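First comes the structure, then the notes that go with it.
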Amino acid sequence: YGMNIQVPIEVVERVELSARQRELLEQAIGALDHAHAPYSGFQVAAAARLADGQIVTGTNQENASYPIGICAERVALSTVNSIAPGARILEMAVTYRPSSGPGHTPLAPCGMCRQALVEQHVRQKDALGLVLAAEAGPVWLVGNASDLLPLAFTPSDLD
Ligand code: THU
């Protein structure tokens, strides 16, 4: 007896994205220049589409005191909840640019961001899709960000 957990991810080419998904990914790529990543040289950007159609971006913001740095995904989530409280995020695109030049493999959010994405899913109840891609190459589509963190610690665990 045991558990064997699987994470469903769809791998698609960029041309297979919907127009909205492509636009979201393009907005994220456009926001890469707003990253503040002088220490790692690794720029990351996230773009969230809200239910009302608005797109909100976030980028990683590093600090000379290294642990203070915050990931692009959590900057985007905090911005959404600060400027549009109660908003529903339909989809979030995440992209990155390493110092070595454009990447080709999608980036999956770090563990801390997965936990933050689970919290957002709990808050909004509806699924929060992810569009993960480098500046070129294939795209990973995750139907619901919570799928990336099986056995997550959630608010109901506090009961
Ligand atoms: N980073 C993100 O912004 N998102 C991720 O999903 C992975 C990592 C940032 C944190 C740090 O500023 C840099 O990338 C290198 O780890």
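These numbers were taken from a predicted model, which means no experiment stands behind them. For the single chain, residues carry numbers from 1 onward in sequence order. Whatever order the structure lists them in is the order used to number ligands and atoms, beginning at 1.
For atom 10 (C) of ligand 1, the closest non-hydrogen atom of the protein is Cys71 SG, 4.0 Å. Counting protein heavy atoms only, atom 9 (C) of ligand 1 is closest to Asn60 ND2, 3.6 Å. Looking at atom 16 (O) of ligand 1, its nearest protein heavy atom turns out to be Phe42 CD2, 4.7 Å.
Set against the non-hydrogen atoms of Val44, the atoms of ligand 1 under 4.0 Å away are 1 (N), 2 (C), 3 (O), 4 (N), 9 (C), 14 (O).
Closest approach of Arg74 and Ala116 over heavy atoms only: CG-CB, 3.6 Å.
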**Report entry** Check against side chain to side chain donor-acceptor pair (under 3.5 Å), Gln43 and Thr59
**Finding:** CA-CA 8 Å; Gln43 299 173 305; Thr59 53; over 6 Å; no
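At a heavy-atom cutoff of 4.0 Å, ligand 1 is contacted by the side chain of Ser40 but not by its backbone.
Between the Asn60 side chain and the Val44 main chain, a donor and an acceptor come within less than 3.5 Å of each other. Judged by distance alone, with hydrogens and angles left aside, the side-chain atoms of Asn81 form no donor-acceptor pair with the main-chain N or O of Ser78 at under 3.5 Å.
Taking a cutoff of 4.0 Å between a charged side-chain nitrogen and a carboxylate oxygen, Asp52 and Arg88 do not qualify as a salt bridge.
At least one N or O atom of Ala72, backbone or side chain, sits closer than 3.5 Å to an N or O atom of ligand 1.
Counting heavy-atom neighbours within 6.0 Å of Arg22 CZ, excluding the residue itself, gives a total above 12. For Arg20, the CZ atom is loosely surrounded, since the number of other residues' heavy atoms within 6.0 Å does not exceed 12.
Heavy atoms of Pro109 approach ligand 1 to within less than 4.0 angstrom. Distances from ligand 1 to the non-hydrogen atoms of Cys110 include at least one value under 4.0 Å.
Protein heavy atoms are found inside the 4.0 Å sphere centred on atom 3 (O) of ligand 1.
Here the shortest heavy-atom distance to atom 6 (O) of ligand 1, taken over Glu62, Arg114, Glu73, Met112, belongs to Glu73.
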